[in-house]
Asks: 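To start, I am sharing the structure in question, which I have written as structure tokens.
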Amino acid sequence: MSLQSEVLGLLDKAKRLCDQCPDAEALSDSIKEMYARLETPLRVAVVGIMKAGKSTFMNALMGVDLLCTGNLETTYTVCWFRYGKQPKLTICFRDGEEMEAPISDLERWSVRDSKEENPRIDEVKYLILYYPSEVLKTMEFIDTPGLNSMYGTDAQNTLDFLSIQSSEETLYEAGMADAVIYAFNRSAGEFDAGILQEFHKGGTRISSPINSVGILTKVDATGIWDIFEEKSPVEAARAVTDSVMENEEMKQLLFTALPVCAKVCEGYAQLRETDWQTLRRIAQTDQEQLTDLLFDAGQFAHSDEEMYETFGGSAARSRLMELVGQYGILKITQLLQQGIEPEEMGARLQDACGIEAVRDLLVSHFGNRTFLIKTQYIFNRLRGVIQQMKKKPGISSQLHGICGQLAEYIDGLMTSVQTLKELKALQMYYNGQLDFMDEEERQDFLRITGEYGRSVENRLGVTGSLTVSELAVRARERAVFWNERANGYMLPSAYIDAASILARSYEQMCYHLSALCEE
């Protein structure tokens with residue numbers, strides 16, 4: 001049976017047992033929530049310290065200018081992005097009340113400066129923002145206040161939403177995020193590691209970096225990039241993200257880290273026709289000369305010298321610098337010189353600024369594992385509920401027996417479903433508990449466990465057009481290879497266990513492909 005069939009079978013069994021037990025109402029409600037969780041897109045929270053650029057990144061990812069950003073702390077409440085054919089806003093209060101509002105009210109309910117005129121902002125648990133963005137059809141994103149905010153309420157809003165730093169009794173409550181994007185604007189430090197550890201420790205979490213990625217933000221404005229070098233900010237920042245991922249502690253907390261300069265993409269969405277007129281005048285300047293002029297950002301924005309005035313007044317130049325910065329002006333004018341029209345430029349900027357790379361990673365990594373991540377959530381959530389039930393005084397013997405049956409059922413699935421075995425091996429690998437003989441073995445492991453996609457071709461690592469019978473031969477060869485490794489002597493037990501799992505995965509693939517050949 002498929003993993004989906006097994007999980008649905010578990011929930012169906014739990015529902016039937018609860019229907020037969022008078023005091024299983026609380027357990028039954030949890031089962032209903034788990035059913036609903038399977039039908040929703042993957043929930044990805046964007047988390048990080050104050051002024052890490054989370055809201056700017058979200059605006060860039062969505063390709064619109066929705067969330068308020070600025071030089072001071074801005075985000076006050078958690079904002080949950082969901083797909084909707086028409087933009088609208090739902091305010092969810094802590095007492096359970098919900099209120100609809102026009103999208104134009106977003107700032108009033110999400111920005112700290114709105115507190116004086118809108119005192120009810122302190123009563124908000126989170127906001128739901130519906131928007132017709134393609135990326136929201138497969139994933140939901142959650143923008144959060146800074147975790148080291150000088151305002152305690154802001155940070156607590158995030159901690160409460162993610163169900164971290166909780167007491168033992170609440171560790172197993174439903175977390176609102178399935179996965180996390182962690183934003184930092186310098187090399188990750190102890191505070192960042194501590195938050196990620198809390199996220200992974202909770203009872204609803206997978207204790208590995210499979211469901212967390214990092215983004216190094218503001219790489220065009222933090223001293224990482226030199227305007228006179230040929231490298232772009234994203235290219236220059238890869239040395240920093242590589243260093244982060246070489247750290248043994250961070251390797252156990254993040255799947256990977258990618259650099260972005262989201263401000264350029266966010267600002268591009270705000271450019272008006274008058275801005276484009278100024279940019280076209282600037283684009284008439286040789287790129288080498290323009291680089292010299294842009295080196296001093298303040299002078300470029302405010303000087304009244306003739307060489308700057310030819311581009312436009314200081315107000316126009318200051319606005320461009322505020323919207324897209326030095327790199328944005330340089331890159332956009334470069335594209336204009338290449339004949340790229342403004343309406344065609346968005347995709348080019350998303351690529352140059354690292355946003356497209358993050359989007360591709362989310363689709364390929366999180367997207368390929370949506371059901372698997374949700375399965376892990378359901379198993380941990382159900383185990384937590386069962387644990388709480390057993391602690392309650394006066395629990396009936398019938399409900400106690402149901403809890404025991406469900407716990408045994410979960411344990412059975414964890415040891416029998418091949419996809420879950422692959423997940424276990426993947427967790428061990430990312431936790432540093434599993435090493436391979438060489439790079440070829442490592443890549444083979446990552447492919448078959450779905451890191452590069454779930455299609456047969458992706459999992460076998462083949463390119464070109466192969467027949468089903470040829471694919472079956474390839475799977476059989478890999479099964480033989482890993483069976484030999486599993487039967488080796490004087491090898492680490494983790495390696496032998498992983499080899500056995502991989503051999504079984506290839507054997508199952510070979511079986512299904514061979515069956516197709518016989519049809």
Side-chain angles (χ1 to χ4, degrees), residues 1-7 42 178-179 200 205-213 245 251-257 360-380 413-463 471-472 474-488 491-513:
M1 294 177 68
S2 68
L3 176 61
Q4 188 167 358
S5 298
E6 296 282 10
V7 173
L42 194 73
D178 298 308
H200 290 304
R205 313 298 178 200
I206 306 174
S207 56
S208 77
I210 290 174
N211 63 337
S212 58
V213 299
M245 295 313 299
K251 275 199 291 190
Q252 296 183 36
L253 297 170
L254 291 173
F255 170 69
T256 191
D360 288 344
L361 175 70
L362 296 178
V363 172
S364 63
H365 181 65
F366 286 160
N368 287 333
R369 289 186 168 74
T370 295
F371 195 85
L372 196 57
I373 290 173
K374 287 181 179 293
T375 295
Q376 191 71 37
Y377 161 81
I378 286 173
F379 284 1
N380 286 334
L413 290 180
M414 289 294 292
T415 57
S416 64
V417 178
Q418 188 62 21
T419 309
L420 296 177
K421 291 181 181 180
E422 290 176 4
L423 176 61
K424 180 182 177 181
L426 205 57
Q427 290 172 334
M428 292 178 64
Y429 169 74
Y430 283 119
N431 284 335
Q433 299 169 297
L434 176 60
D435 292 318
F436 292 95
M437 302 294 185
D438 52 40
E439 180 62 16
E440 183 179 352
E441 281 192 8
R442 190 179 76 87
Q443 289 298 325
D444 202 28
F445 167 76
L446 293 175
R447 282 192 295 266
I448 192 62
T449 52
E451 284 296 84
Y452 304 133
R454 298 299 299 178
S455 72
V456 171
E457 289 79 6
N458 287 335
R459 296 183 71 200
L460 286 174
V462 298
T463 56
L471 291 171
R474 168 71 175 171
R476 188 178 300 111
E477 290 172 350
R478 302 316 299 162
V480 170
F481 174 86
W482 285 107
N483 269 316
E484 290 175 351
R485 292 291 189 270
N487 293 318
L491 294 173
S493 59
Y495 178 89
I496 292 175
D497 289 343
S500 298
I501 291 169
L502 267 61
R504 181 56 180 159
S505 294
Y506 280 118
E507 287 170 356
Q508 287 187 351
M509 184 182 292
C510 180
Y511 171 80
H512 291 300
L513 290 170

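Below, each value reflects all heavy atoms present in this structure, side chains not excepted, and no hydrogens, waters or symmetry copies.
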Asks: Below 4.5 Å, heavy atoms only, C-beta onward: do Leu491 and Met437 meet side chain to side chain?
Replies: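 Touching, per the 4.5 Å side-chain cut-off.
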Asks: Excluding sequence neighbours, so at least two apart, what forms side-chain contact (heavy atoms from CB on, under 4.5 Å) with Val480?
Replies: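 With neighbours one apart ignored, the set is Glu484.
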Asks: Tell me, with the steps shown, if Leu413 and Phe379 meet side chain to side chain contact (heavy atoms under 4.5 Å, CB included).
Replies: CA-CA 10 Å; Leu413 290 180; Phe379 284 1; 3.8 Å; yes
Asks: Between Leu426 and Leu434, is any pair of side-chain heavy atoms under 4.5 Å apart?
Replies: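 With C-beta onward as the side chain, the pair stays apart.
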Asks: Dump the intermediate steps for side chain to side chain contact (heavy atoms under 4.5 Å, CB included) on Glu477 and Leu460, then the final yes or no.
Replies: CA-CA 11 Å; Glu477 290 172 350; Leu460 286 174; over 6 Å; no
Asks: Got more than 12 heavy atoms from elsewhere within 6.0 Å of CD, Glu439?
Replies: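 For Glu439, atom CD is crowded (more than 12 foreign heavy atoms under 6.0 Å).
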Asks: Taking all non-hydrogen atoms of both residues, which atom of Tyr495 and which atom of Glu441 are closest, and how far apart?
Replies: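 Where Tyr495 meets Glu441 most closely, the heavy atoms are OH-OE1, 2.9 Å.
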Asks: Can you tell if the side chain of Trp482 reaches within under 4.5 Å of the side chain of Asp444, non-hydrogen atoms only?
Replies: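 The answer is yes; the side chains approach within 4.5 Å.
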Asks: Between Gln433 and Ala494, what is the shortest heavy-atom contact and its length?
Replies: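 That closest heavy-atom pairing would be O-CB, 3.5 Å.
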Asks: Can you list the residues that meet the side-chain contact (heavy atoms from CB on, under 4.5 Å) rule with Glu507, with sequence neighbours excluded?
Replies: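 Listed in chain order: Ala479, Asn483, Arg504.
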Asks: Where is the tightest heavy-atom contact between Met509 and Val456, given as atom of each residue plus distance?
Replies: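 Looking at all heavy atoms of both residues, the shortest contact is SD-CG1, 4.1 Å.
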Asks: How close do Ile501 and Lys421 get, counting heavy atoms only, and between which atoms?
Replies: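 Between these two residues, the closest heavy atoms are CD1-O, 3.5 Å.
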Asks: I need the minimum non-hydrogen distance between Ile496 and Gly488, along with the two atoms involved.
Replies: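 Smallest heavy-atom distance, with atoms named: CD1-O, 4.0 Å.
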Asks: Mark yes or no: Arg442 above the aromatic ring of Phe445, with NZ or CZ under 6.0 Å from the six-membered ring centre and no more than 45 degrees from the axis.
Replies: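 Because its charged atom misses either the 6.0 Å distance or the 45° angle limit, Arg442 does not stack over Phe445.
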Asks: Write down the atom of Glu422, the atom of Ile448, and the distance for their closest heavy-atom approach.
Replies: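 It is OE1-O, 3.7 Å.
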Asks: First locate atom CD of Gln4, then atom OG1 of Thr375, and finally report the distance between them rounded to the nearest 0.5 Å.
Replies: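 The OG1 atom of Thr375 is 8.5 Å from CD of Gln4, to the nearest 0.5 Å.
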Asks: Quick one: CZ on Arg485 to CG on Leu502, what's the gap to the nearest 0.5 Å?
Replies: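 The CG atom of Leu502 is 11.5 Å from CZ of Arg485, to the nearest 0.5 Å.
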